[in-house]
Structures are given as C-alpha cells and as structure tokens.
Colleague: 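My questions will all concern the structure given below.
Note that the coordinates shown come from a computational prediction; the quantities given were computed from them, not determined experimentally.
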Amino acid sequence: MSADLCVHDLVQLQASAMPDSIAIVSGNHHVSYGELNARANQLAHLLRSFGIGPEVPVGLCMERSVELPIAALGILKAGGAYVPLDPSYPPRRLTMLLEDSGTLLVVTQPSVASKLPAGKWRTVVLGQDELDSALDSGVSPVANTTPENLAYIIFTSGSTGRPKGVQITHGSLLNLVSWHQRAFDVTSGDRATLQASPGFDAAVWELWPYLAAGASLYVVDQATRTKPDALRDWIVGTGITISFLPTALAECLIGLQWPPTSALRVLLTGADTLRHRPPHDLPFALINNYGPTECTVVATSGRISPEERPNDLPSIGRPIDNVSIYIVDEQLQRVPVGSPGELLVGGRGVARGYLNAPELTTERFLPDSFRGEPGARLYRTGDLGRLLPDGQIALMGRIDDQIKMMGHRIEPQEIITALNRHPNVEASSVCAYSDASGNARLVAYVVAAKHTPLKPGDLRNFLSGYLPTHNVPSVFVQLTHLPLSAHGKLDRAALPQPTTENTLQEDSLEAPKSPIEEHLSVLLSGLLRVADVGAADNFFTLGGHSLMGAQLITRIREVFGVELSLRSLFEEPTVRGMSAEIERLIRARIEAMSEEEAQRLLASSRKEV
C-alpha cells in the first residue's frame with residue numbers, strides 16, 4: 001500500500017475496479033461498490049459545503065445497517081473524523097459525547113433521528129434529507145487528508161468520571177487494515193460480518209479491512225446476532241468466510257457442532273479473557289486478539305490450538321505488524337521472561353492521545369525509551385501480562401480497578417461519579433463479582449445521605465439517565481460507611497460480598513397481573529438468580545445481557561410457543577412489556593389457526609413453567 005493513501009482511497013480504488021461487485025448486504029438489500037462510492041461521494045460533497053475537512057469531528061449515530069458504512073466512508077472522503085455514537089445510549093450521555101467531541105454536525109438515519117438530543121449540532125438524515133443532485137457522485141471531493149490526520153474519535157469509559165475520546169489517525173488505521181489483510185489473506189472473494197455495536201471499536205475492524213479489499217460485508221440481523229445456534233446457521237447459510245465475535249459469543253459457537261463444509265475459515269475474537277480452547281474437529285481457525293481502544297483495536301493476535309494445557313489460559317498471541325509490546329515493572333523496566341508486569345504498547349497503532357485531556361494523555365502516553373526513535377510513544381495499558389517462552393503473551397488481569405465485562409471496558413469511577421450525583425447518596429463504590437452461576441455482575445456499594453432509605457429501582461433509573469445499560473449495576477448494597485485502610489483509602493478487600501440479607505430490595509414489587517406475567521417472573525428469577533421479579537422490573541438492570549437475552553427468548557419459545565425478537569426485548573425489557581408482546585404474538589397465531597389448534601395453544605400458554 002502507498003504511504004500516501006488513506007483507507008477511503010483504497011475503497012475508492014475498489015469501486016473503480018469493480019463497481020458492480022457487492023459491497024454490503026443486509027437481508028435482501030444489496031449495495032454495490034459503485035453505489036457505495038457514489039452515495040458516499042454525495043454525502044462528502046454535502047459535508048464539505050458545511051465546512052467539514054481534516055481534523056473536524058462529525059458525529060455518526062446509526063444502527064448497524066447498510067447506511068453505516070456509507071456514512072462513515074462519506075465522512076472520511078470529506079476529510080472529517082467520524083465519531084461513532086451508539087443510538088441506544090441515554091440522551092444525557094449522547095449530549096455529553098457530542099459536546100466533549102466538539103461535534104457540530106451529526107449524520108444519522110430516519111429510525112434514529114428522533115432519538116438524538118437537541119443541541120447546537122445540525123443533523124443530516126441519510127435516506128430522508130435529499131442530497132443535491134448537482135453534487136457529482138462520481139468524483140470524490142478533494143480533502144487533502146494525510147495519514148497524520150484524524151480518522152475517527154471513539155469514546156471509552158473514563159477513570160475521571162467522564163468518557164474519554166480516543167483520537168486515532170489514518171496512519172494507525174491503515175496499519176491495522178494492512179496487517180489484517182496480510183495476516184488473514186483477505187481478498188475480494190471474502191464475505192465478512194458486521195456484528196459489533198457501532199460504539200464498540202471492533203466495528204472499525206469489521207468495516208475497513210474488507211471494504212478496502214473489495215470483499216462483501218454482511219450485516220448480522222438483530223434477531224440472530226446473539227443467538228449461537230441461529231448465528232451458526234446464518235454464517236453457514238450465508239457463506240461467511242471470516243468473522244469477528246466477542247469472546248463470550250465466540251466461546252458459545254466453538255462449542256457447537258459445525259458442518260465440515262462450512263465456508264468459514266477464520267473466527268476472530270477478543271474483548272474479554274478467552275477461557276476455552278477450540279475442539280480438535282473445529283473446521284476453522286480460532287484467533288484470539290487483544291488491544292486497548294487507545295491502540296487501534298488490535299495490538300496482539302494469535303491462533304489458539306486445541307491442545308489442553310492444565311491451568312493455562314489461551315494466550316493473546318504476539319504483536320501485530322509494526323507494533324511492539326513491552327512488559328515492565330513499576331519502574332518501567334523490562335522484566336525477565338515469565339515474570340509478570342504491565343503491558344506497554346508501542347508502534348504505529350498508538351493513538352494520538354485523548355481529546356481535550358492533555359494531562360491524562362501525558363499520564364498514559366509515554367515517550368518510547370526502548371526504541372530511541374524521536375516522537376515514538378508507548379501506551380500504558382494497565383493490563384498485567386507475562387512473556388511465554390515461545391514469544392506469546394499471557395494476559396493476567398489488571399493493575400487497577402478497571403472492569404472488563406461482556407466485551408465492555410468499564411471504569412468504576414464513571415459509575416461512582418454518576419451515583420454520587422444522586423441527592424440521597426453520600427458516597428459509593430463499584431466493583432465486579434461473580435454470582436453462583438459464574439456470571440459477572442456489577443455491584444454498587446452506597447452510603448445514604450443522612451441515613452435516607454435507598455431503593456434499587458430509583459438508583460437504576462437515575463443512573464440510566466447518564467450511563468449505557470452495561471454500566472448500570474444490577475446489585476446495590478447499602479453500607480453505613482465505606483471501609484477504609486489505615487492510610488485512609490478505600491479498602492476493597494473489606495467490602496462485603498452481596499447476599500440476600502445485605503442487598504437492597506424494593507419495599508414492594510408490582511405483582512404480576514396475568515398468567516403470562518407470572519410465568520415470565522419465574523423465568524427471569526431463575527435465569528437472573530434474583531429472588532423476586534416484579535412486573536415493572538427491567539431485565540437488563542437486573543443483570544441481564546444480550547447473550548442471556550437469547551437464553552430467555554429460547555425459554556419463552558419453549559413455554560409460550562412464540563418467537564420474541566431480541567429487538568423487542570431491548571424495546572420492552574420489563575416483565576409487563578414482554579408479556580404484552582407475547583400476548584400479541586399469541587393472538588396473531590390464534591387468528592391464523594383453526595379453533596382446535598387455537599385451544600391447544602391457549603392451554604400450552606398457561607401451563608406451569
């Protein structure tokens with residue numbers, strides 16, 4: 001690849017060489033490379049007319065769809081840096097990210113536009129705002145973007161209590177793309193998946209290596225993306241050849257039976273600690289990857305062998321092209337092979353730094369004293385690891401209290417800051433624990449102001465106005481004071497484990513009012529390991545997540561004979577909301593049935609769980 005080209009230039013070359021080839025597929029909707037390029041050019045010309053150019057941030061608030069790559073490509077072609085925003089975030093958080101990034105324009109889609117909070121930013125709605133027909137869709141605007149310019153700004157949980165905007169340049173993104181294409185032999189014949197949420201940096205990795213190679217990108221539909229059996233069948237039926245899946249989901253899929261003739265040749269995973277090795281008969285390669293957001297998605301990568309190694313978790317592989325890993329002690333001196341230390345990442349993948357946070361950037365991004373190259377820098381990951389004799393790296397946890405859960409990086413201080421805004425909370429702390437079933441959960445320890453009674457539902461609702469769902473604790477423990485060490489610091493070891501006795505409960509639960517609500521309450525209680533679930537209780541704030549949601553949908557299908565979609569679960573996550581949707585689905589089935597079949601369905605919907 002030419003050092004002067006950026007990723008959007010590579011996509012342009014593919015569109016010129018093979019305009020009729022399929023670029024993006026979502027259900028029955030296909031977008032060719034010619035259409036992708038033309039629509040991106042029209043958007044880019046429009047953005048340029050609004051003053052968008054190099055180093056200018058542009059919000060990108062979209063669901064996974066064919067419009068997402070078109071919009072991202074259009075922003076890059078205009079010279080701007082896109083700022084991915086997950087439309088599921090609460091309005092307060094979206095406002096915070098838009099204000100912190102300095103974004104004055106947001107590209108969105110009709111299904112999301114109404115969710116955007118009002119502000120000083122203007123919006124461009126793809127598919128709704130008509131682009132000027134005079135804008136030449138066949139010619140890219142001249143933006144004079146260089147590899148040193150910003151490609152995207154992505155926010156991650158912040159230890160200061162606010163999300164941090166990580167600035168990634170075109171040069172760093174291009175290094176990721178070129179390594180990926182070489183390492184996995186990506187060609188125009190490949191079919192890859194778009195599965196990650198837009199605000200997760202894995203979505204960056206899912207887009208550009210494939211579009212820059214002329215491959216086809218397939219959007220995984222919402223109903224399939226977290227259901228292992230359905231996802232496997234979709235991957236096989238669609239002819240997917242390479243895919244990324246978060247660790248928990250990938251572990252589910254490698255445990256399934258796969259046909260030996262599947263086109264899938266590479267399954268990439270990462271974001272959490274991989275705890276299972278692939279079986280010997282898995283017909284594709286399992287690749288484990290590691291990389292902080294600050295290092296352009298991936299810093300290390302390695303194929304996982306099926307050999308059993310007692311008490312030895314799968315490694316995170318070796319550094320990717322043009323990336324260096326150093327394992328150091330507290331004095332930032334390298335440790336011997338096999339000794340634990342903090343991972344420092346250097347090389348082309350290292351971000352420019354944090355947006356508008358020079359002190360934090362100085363703290364986490366250090367001059368690279370090992371290479372001796374002027375301007376070279378290292379990122380302090382805060383992750384513990386050790387170098388194995390074969391040159392691979394074993395990950396060993398954290399040196400601080402950062403939490404990684406279901407692919408999300410969670411800084412407890414961000415949750416604590418939000419909790420302490422509550423008028424009835426004097427002090428708080430947040431950590432993770434594993435329940436009896438091994439599921440990781442967030443627990444918040446709270447000290448009430450003036451001994452005011454606290455209710456978990458009130459605290460969850462308050463936090464939901466500031467934080468994404470995965471950052472809202474599912475368990476609250478009220479203390480008279482936070483335990484302190486002899487030095488006056490929080491003594492985390494003295495925080496009690498949550499129990500049924502010390503966990504905050506609602507004074508009264510809204511009782512289920514129908515047989516379906518009663519059955520759902522029992523289902524959720526068993527799945528979430530919560531003593532009582534009321535009609536108004538929210539599946540996600542009680543500790544549920546998308547993979548658990550897939551399990552719930554399976555149980556609902558077994559009990560009620562109807563298929564609740566994952567999207568409807570996200571839209572109506574309470575027992576009452578789910579019950580109403582189940583009743584609607586049952587009525588729809590009854591209307592299409594004979595009287596005898598209808599009576600059998602009604603009887604089965606009332607059976608004991």
Colleague: For atom CZ of Arg303, is the number of surrounding heavy atoms from other residues, nucleotides or ligands below 6.0 Å larger than 12?
Modeller: no
Colleague: Quick check: do Val323 and Asn175 have side-chain heavy atoms less than 4.5 Å from each other?
Modeller: yes
Colleague: Applying ring-ring contact (aromatic ring centres under 6.0 Å, His included), which residue pairs with at least one partner in residues 227-254 are found, sequence neighbours left out?
Modeller: Trp205-Phe244
Colleague: Assess whether a salt bridge exists between Arg93 and Asp86, defined as any Lys/Arg side-chain N lying under 4.0 Å from an Asp/Glu carboxylate O.
Modeller: no
Colleague: For Ile22, does its backbone N or O pair with a side-chain atom of Ser216 as donor and acceptor, under 3.5 Å?
Modeller: yes
Colleague: Calculate, to the nearest 0.5 Å, the distance between atoms OH and CZ belonging to Tyr218 and Arg191 respectively.
Modeller: 3.5 Å
Colleague: Measure the CD1-CD distance between Ile415 and Gln413 for me, rounded to the nearest 0.5 Å.
Modeller: 10.0 Å
Colleague: Using the ring of each side chain (for Trp, its six-membered ring), is Tyr326 parallel, tilted or perpendicular to Phe370, with breaks at 30° and 60°?
Modeller: parallel
Colleague: Once side-chain hydrogen bond (donor to acceptor under 3.5 Å, both in side chains) is applied, what residue pairs with a partner in residues 52-81 remain, sequence neighbours excluded?
Modeller: Gln12-Lys77, Asn37-Lys77, Asn41-Lys77, Glu55-Asn149, Glu55-Arg352, Glu63-Ser111, Arg64-Gln222, Ser65-Glu67, Ser65-Gln109, Lys77-Ser140
Colleague: Got a second to check how far Asn288's CG is from Ile393's CD1, nearest 0.5 Å?
Modeller: 11.5 Å
Colleague: Salt bridge or not for Arg380 and Glu342, using N-O below 4.0 Å?
Modeller: yes
Colleague: Give me the atom names and distance for the closest heavy-atom approach of Val106 to Cys61.
Modeller: CG1-CB, 4.1 Å
